[in-house]
Visitor: 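Handing you this structure, nothing more for now.
Atoms within a ligand are numbered from 1 in the order they appear, just like the ligands themselves.
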Amino acid sequence: ERNNTMKEWTREERYKQISDYSDNYLDELAKRVAQSPFRQNYHIQPNTGLLNDPNGFTYFDGKWHLFYQWFPMGAVHGLKHWYHLTSTDLVQWKEEGVALLPDTAYDSHGVYSGSGFVKDGQLHVMYTGNVRTEKWERVPNQIVARMEADGSFTKFLPPAIAGNPEGYTDHVRDPKVWEQHGIYYTVIGAQRSDETGTILMYRSKDALEWELMGEVDAGLPDFGYMWECPDLFEIDGKTVLLFSPQGIEPEGDRYHNIFQTGYVIADDFRMDELKLEHDGFQELDAGFDFYATQTAESPDGRRILTAWMGLPDVAYPTDSEDWAHCLTLPRELSLKDGKLIQQPVRELVALRKEQALSESGLLSEAKHFERSGANCYELKLDVAFPASADHAPVTLDLCEDATNDKRFRITLDPTTKKITIDRSRCGIPFAEDFGTTRTLTVEQMDAVKLQIFVDTSSIEIFVNDGEGTFTSRVFPQAGETCLSLAAGSTIDYSLELWEFA
Ligand code: FRU
């Protein structure tokens, strides 16, 4: 029997310092969390407490550095720290421990999100220091810090940008820094005084003194009440602005999560205009749990993305176990037909152990694949619908129990060209208020390719080499590890599965 009653956290408890707890307390908490049946095998997750946004993602000195927003003590958005990990291959991550603590007057109520950049041969970060006054009024500070040789950080204070500029509320956060022709630039999520979301841009010669250039004009003057986690970069000579707007209403199959993450693509972006002309905002992921993306450039010129596989203000089944959330797998971005394409980074093939399934041929009924191994594998499914025939939908069930009562269902409907995921009967139900299905329409459905990464408590689906993705948390229980593929009419298919454990 699961204890699903959540502890009520008082404000005082949420803002207690880590130093107010004994080491023993955290060790005991970590031991308890390690017992959870929902711990991931190959995703970045917190040892205790709550993880949210990826931060400071940078390749520096032969290694990837990645940090995440972390509240150590439980599954609530309390006092935020940055937790640090490094990797040489984007596959195996080494835990480096807590890197930035909310220990100054300028970040006393949280070291909020920010980014990394290299300056003078040293890794630097810029983040939002969150302060609450005695009256609980919010003061956002943008702070630069430098990583020293021993891995500790020196914060440059007072903040590079203190408070909010005229015309904007106290919701100003998440600086993303880059360098271009010897000048540093940053984009920062903001809310105008009229409570609409936008992005501010600053520049600096030394990354210490910053000058406000103005708003990035993304041609969306009234699109939600706050934009978080902006990111601006070039791919194939085009400029991509990626951000997480809050306050967008559902529209057809789109925008069903509590908050969104998406992008616009512009042919050019001039520093004297800060204007992006584009064909509209596009949602980046079609799944249930995807937010607050951050990208970094690899030494070989790839643009790599990771995101929080969770959302604010949504309750998850592990909350009662005092931990929550993980990051998505790292993905390579590219552009195709006016869309951002996401593919799992090629390095991830290193996770493949034994190939457990390799099947192909014609199928016109249901085929069940027994699995007793953990939900920790990669699956590739190619389906072709023969020309000039009437086609019925195809379903692929994952995390299935012996009776096909419990399962995560993926439906390919060649008539409507829609792909639908359904988690209503998968493991422990949660977040049902936001709906239990998500749907993506693809360009054509003569043939479909799915590449799927299943971990203990997540499913990431890449459709047609990254034309679309579905990223979701799931909480299947013991024995819910089987698969079924069912065709209502004849299909030509191939299915391959690699165990990761
Ligand atoms: C996004 C966010 C950011 C903020 C951080 C605080 O999830 O709200 O805007 O910096 O989380 O943890």
Side-chain angles (χ1 to χ4, degrees), residues 9 11 14-15 18 44 46 49-57 66-84 98-102 106-116 125-132 138-145 159 161 164 168-177 186-191 197-200 224-231 242-248 257-262 284-285 289-295 305-316 323-328 471 473:
W9 289 74
R11 182 186 285 175
R14 286 196 288 138
Y15 287 90
I18 210 173
I44 292 173
L50 179 142
L51 163 157
N52 56 302
D53 317 355
N55 292 157
F57 192 19
L66 178 56
F67 305 78
Y68 59 75
Q69 284 286 287
W70 185 45
F71 175 64
M73 299 305 165
V76 289
H77 289 270
L79 191 55
K80 295 291 170 69
H81 300 62
W82 278 33
Y83 192 92
H84 186 192
V98 61
L100 289 165
L101 289 97
Y106 301 100
D107 57 14
S108 54
H109 290 70
V111 180
Y112 276 12
S113 285
S115 55
V125 299
M126 188 175 190
Y127 68 89
T128 303
N130 183 52
V131 172
R132 292 284 195 166
R138 187 194 294 269
V139 182
N141 295 307
Q142 316 306 326
I143 299 171
V144 174
I161 304 167
N164 43 301
Y168 302 89
T169 72
D170 52 14
H171 290 284
V172 177
R173 56 178 172 267
D174 313 337
K176 179 68 167 43
V177 178
T186 185
V187 281
I188 307 182
Q191 181 181 60
T198 188
I199 290 167
L200 297 174
Y225 58 82
M226 172 63 190
W227 294 4
E228 296 188 319
C229 303
D231 200 343
L242 181 60
F243 60 101
S244 295
Q246 301 188 316
I248 310 298
N257 297 339
I258 185 168
F259 301 132
Q260 279 34 79
T261 291
L284 183 56
D285 186 277
D289 306 281
F290 186 88
Y291 194 65
T293 47
Q294 188 165 95
T295 71
L305 173 137
T306 178
W308 173 22
M309 213 193 297
L311 287 160
D313 305 335
V314 176
Y316 286 77
W323 74 283
H325 311 304
C326 62
L327 297 184
T328 68
T471 302
R473 295 304 302 278

Visitor: With sequence neighbours excluded, tell me which residues meet salt bridge (Lys or Arg N to Asp or Glu O under 4.0 Å) with Asp53.
Guide: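 Partners of Asp53 under the salt bridge (Lys or Arg N to Asp or Glu O under 4.0 Å) test: none.
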
Visitor: Ignoring hydrogens and geometry, is there a side-chain-to-backbone donor-acceptor pair from Gln246 to Ile258 under 3.5 Å?
Guide: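 Pair absent, no side-chain N/O of Gln246 close to backbone of Ile258.
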
Visitor: Aromatic contact between His109 and Tyr15, with the criterion being ring centroids under 6.0 Å apart: yes or no?
Guide: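 Ring-ring flag for His109/Tyr15: true, centres closer than 6.0 Å.
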
Visitor: If the condition is side-chain contact (heavy atoms from CB on, under 4.5 Å), which residues does Asn141 pass it with, not counting sequence neighbours?
Guide: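 With neighbours one apart ignored, the set is Tyr106, Val131, Val139, Ile143, Pro159, Ala162.
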
Visitor: Please state whether the rings of Trp308 and His325 are parallel, tilted or perpendicular, taking 30° and 60° as the class boundaries.
Guide: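 Ring orientation, 0 to 90° scale: perpendicular.
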
Visitor: With sequence neighbours left out, write down each residue that passes salt bridge (Lys or Arg N to Asp or Glu O under 4.0 Å) with Lys176, or none if nothing qualifies.
Guide: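 Lys176 satisfies salt bridge (Lys or Arg N to Asp or Glu O under 4.0 Å) with Asp231 only.
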
Visitor: Where does ligand 1 get N/O contacts under 3.5 Å from the protein, atom by atom?
Guide:
{"unit_1": "ligand 1", "atom_1": "7 (O)", "unit_2": "Asp53", "atom_2": "OD1", "d": "2.8"}
{"unit_1": "ligand 1", "atom_1": "7 (O)", "unit_2": "Asp53", "atom_2": "OD2", "d": "3.4"}
{"unit_1": "ligand 1", "atom_1": "8 (O)", "unit_2": "Glu228", "atom_2": "OE1", "d": "3.4"}
{"unit_1": "ligand 1", "atom_1": "8 (O)", "unit_2": "Glu228", "atom_2": "OE2", "d": "3.0"}
{"unit_1": "ligand 1", "atom_1": "9 (O)", "unit_2": "Arg173", "atom_2": "NE", "d": "2.9"}
{"unit_1": "ligand 1", "atom_1": "9 (O)", "unit_2": "Asp174", "atom_2": "OD1", "d": "3.3"}
{"unit_1": "ligand 1", "atom_1": "9 (O)", "unit_2": "Asp174", "atom_2": "OD2", "d": "2.7"}
{"unit_1": "ligand 1", "atom_1": "9 (O)", "unit_2": "Glu228", "atom_2": "OE2", "d": "3.0"}
{"unit_1": "ligand 1", "atom_1": "10 (O)", "unit_2": "Ser113", "atom_2": "N", "d": "3.1"}
{"unit_1": "ligand 1", "atom_1": "10 (O)", "unit_2": "Asp174", "atom_2": "OD1", "d": "2.5"}
{"unit_1": "ligand 1", "atom_1": "11 (O)", "unit_2": "Asn52", "atom_2": "ND2", "d": "3.2"}
{"unit_1": "ligand 1", "atom_1": "11 (O)", "unit_2": "Asp53", "atom_2": "OD2", "d": "3.2"}
{"unit_1": "ligand 1", "atom_1": "12 (O)", "unit_2": "Asn52", "atom_2": "ND2", "d": "3.0"}
{"unit_1": "ligand 1", "atom_1": "12 (O)", "unit_2": "Gln69", "atom_2": "OE1", "d": "2.6"}
{"unit_1": "ligand 1", "atom_1": "12 (O)", "unit_2": "Lys80", "atom_2": "NZ", "d": "3.0"}

